[in-house]
2 protein chains.
Amino acid sequence: MATKYQGNSEEKRALDLFIKLMRTHDSLENKLRHEFRDFKLTPPQFGILETLYHLGPLQQHVLASKLLKSAGNITRVLDGMQESGLIERRAEPGDRRSFRIHLTPKGKKTIEKIFPDFVAGIRTLFGALAAGEQEQLNQLLRKLGTHIRHSYKE
Amino acid sequence: MATKYQGNSEEKRALDLFIKLMRTHDSLENKLRHEFRDFKLTPPQFGILETLYHLGPLQQHVLASKLLKSAGNITRVLDGMQESGLIERRAEPGDRRSFRIHLTPKGKKTIEKIFPDFVAGIRTLFGALAAGEQEQLNQLLRKLGTHIRHSYKE
DNA sequence: TATTGTTATACTCTATAACTATA
DNA sequence: TATAGTTATAGAGTATAACAATA
């Protein structure tokens, strides 16, 4: 692939891997963007919806940390979702600085409508890999992701 | 991870994998955004710089296709890069509809300045995985990425 | 002093659709 | 008819820094 940069073989391998990872992500995101469009949902909005659905109501800084985004970004995306009635901010008992983000009934309905098809789609895509290969990939990504996140404060 | 959605085990595995992949990508991109900032470069700009550096001058539609972006998006990002003097559009001999995108000396200098550190950084990050594991990951991602891209027109 | 969240600031990215020029 | 690229449209995402309120 890369022919111009004369790095050593370790560097070449890492670079190749990096490019593949980014490309795979982009392919997935392109597909998703298209699918969610009918529901007026963007990928970041879906990420928040999905996280709240699975983990329950969360404070904003927890969302920011889980989704690896800045506080300001989360505020903005939530503003949009609040306006379209998907989430609501409720006072946090015991800490008056903070809110807890809840799905509204509409938000819950939306994610429950989308999710089965979404998961089925994901499953089909990942069906390119056998069960054992998926387990392998899972372990490799966990190892890698943990290392990356620990290597820098974020 | 996900406890609420009662999908079957294949679906759960695929979903888990999906989330890990997205997260790993986001971690990497966050790091890059931070690193490139000193050079006034965004991740998409770096992607174009790197692609042109390694593959040589390309037409815009080729760039769009390689980077999985829309034509309009590439036009806009190139506009910005042209304004900051990183690339130039040269007439394509034999097809007057088209341009060929070249790195300017400044663009070349920029990528050559950044690239060694960038690759070294990538290598360190991926150093969490042994050589064999990296090869595994590489193969899995290739298989997966190809399948995703073929499963839909793009 | 540190933390939670908002606001202000300023851009960048993104896609789609309509359009122009050329093939 | 099809392709290369631009422009218009419209909006979303992103970070940082400064800030207010609270812990």
Side-chain angles (χ1 to χ4, degrees), chain A residues 22 25-49 58-65 67-84 86-87 89-101 153-154, chain B residues 22 25-27 29-49 58-84 86-101 152-154:
Chain A
M22 301 306 261
H25 165 274
D26 289 347
S27 301
L28 276 170
E29 190 168 79
N30 283 345
K31 267 193 80 72
L32 297 192
R33 193 188 302 278
H34 196 265
E35 279 177 25
F36 297 158
R37 217 191 154 192
D38 300 335
F39 298 93
K40 310 277 188 201
L41 273 186
T42 62
Q45 287 175 347
F46 177 78
I48 288 180
L49 223 49
L58 299 174
Q59 287 164 295
Q60 291 189 203
H61 69 277
V62 177
L63 266 179
S65 149
L67 299 174
L68 309 176
K69 302 298 177 190
S70 68
N73 175 34
I74 293 293
T75 294
R76 177 178 279 273
V77 178
L78 287 179
D79 285 350
M81 295 174 76
Q82 189 167 23
E83 197 157 346
S84 45
L86 296 169
I87 58 103
R89 289 169 160 104
R90 290 195 203 155
E92 173 72 4
D95 189 340
R96 284 188 304 182
R97 293 171 306 182
S98 187
F99 296 104
R100 192 161 285 259
I101 312 303
K153 43 133 194 47
E154 279 181 335
Chain B
M22 300 307 259
H25 165 274
D26 289 348
S27 302
E29 191 169 78
N30 284 345
K31 268 192 81 71
L32 297 192
R33 195 188 300 280
H34 196 265
E35 279 178 26
F36 297 158
R37 217 192 152 193
D38 301 334
F39 298 94
K40 310 276 188 201
L41 274 186
T42 61
Q45 287 173 347
F46 176 78
I48 289 180
L49 223 48
L58 299 174
Q59 288 164 295
Q60 292 188 203
H61 69 278
V62 176
L63 267 178
S65 150
K66 291 224 176 278
L67 299 174
L68 310 175
K69 302 296 176 189
S70 69
N73 175 35
I74 293 293
T75 293
R76 177 177 279 276
V77 178
L78 287 179
D79 285 350
M81 295 175 77
Q82 188 167 24
E83 197 157 346
S84 44
L86 296 169
I87 59 101
E88 61 185 356
R89 290 169 160 103
R90 291 195 202 156
E92 173 73 2
D95 188 341
R96 284 188 305 181
R97 293 170 306 181
S98 187
F99 295 103
R100 192 161 285 259
I101 313 302
Y152 205 85
K153 44 128 192 49
E154 282 184 330

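Naming convention: chains lettered A, B, ... in sequence-line order (proteins, then strands); numbering from 1 in each chain.
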Taking atom CD1 of A:Ile87 and atom CG of A:Leu78, what is their separation to the nearest 0.5 Å? 4.5 Å
Between CD of B:Gln45 and CE of B:Met81, what distance do you get to the nearest 0.5 Å? 5.5 Å
Value rounded to 0.5 Å, distance of CD1 in B:Ile48 from CD1 in B:Ile74: 4.5 Å
Mapping A:Pro44 and B:Val62 onto DNA chain D by nearest heavy atom, which one lands closer to the 5' end? B:Val62
Report the distance from atom CG of B:Leu41 to atom P of C:dC13, rounded to the nearest whole Å. 10 Å
Rounded interatomic separation in angstrom, taking CG from A:Asn30 and C1' from C:dT16: 14 Å
Distance below 4.0 Å between A:Lys69 side-chain N/O and D:dG13 OP1 or OP2: no
I'd like to check the side-chain contact (heavy atoms from CB on, under 4.5 Å) partners of A:Thr75; sequence neighbours left out, ordered by chain and number. A:Gln60, A:Asp79, A:Arg89
Is the distance from OP1 or OP2 of C:dT12 to the nearest side-chain N or O of B:Thr42 less than 4.0 Å? no
Base, sugar-phosphate, or nothing for A:Arg89, non-hydrogen atoms under 4.0 angstrom? sugar-phosphate
Does a side-chain N or O of A:Ser98 approach OP1 or OP2 of C:dG5 to a distance below 4.0 Å, or not? yes
With B:Arg97, which residues qualify under side-chain contact (heavy atoms from CB on, under 4.5 Å), at least two apart? B:Asp95
Starting from the 5' end of DNA chain C, give me the residue, B:Val77 or A:Ala71, whose nearest nucleotide shows up first. A:Ala71
Nucleotide N/O of nucleotides 17-23 of chain C paired with protein N/O under 3.5 Å:
from	atom 1	to	atom 2	distance (Å)
C:dA23	OP1	B:Arg96	N	3.0

Take the protein atom CZ of B:Phe36 and the nucleotide atom P of C:dC13, then report the distance between them rounded to whole Å. 12 Å
Spacing between A:Phe46 atom CZ and C:dT14 atom P, to the nearest angstrom: 20 Å
May I ask you to test the B:Asp26-A:Lys69 pair for a side-chain heavy-atom distance under 4.5 Å? yes
Quickly work out the B:Asn73 CG to C:dC13 P distance and round it to whole Å. 8 Å
How close or far is atom P of C:dT14 from atom CD of A:Glu29, stated in whole angstroms? 8 Å
Whole angstrom is fine here: how far is it from CG in A:Leu32 over to P in D:dG13? 14 Å
Hey, what do you get for CD (A:Gln82) to CZ (A:Phe99), rounding to the nearest 0.5 Å? 8.5 Å
B:Ile101 has an atom CD1; how far is it from atom C1' of D:dT6, in whole Å? 12 Å
Residue whose closest nucleotide on DNA chain D lies nearer the 5' end, B:Gln59 versus B:Arg76: B:Gln59
Any side-chain N or O of A:His61 less than 4.0 Å from the OP1 or OP2 oxygen of C:dG5? yes
Is the phosphate of C:dT14 approached by B:Ser70 (side-chain N or O, under 4.0 Å from OP1 or OP2)? no
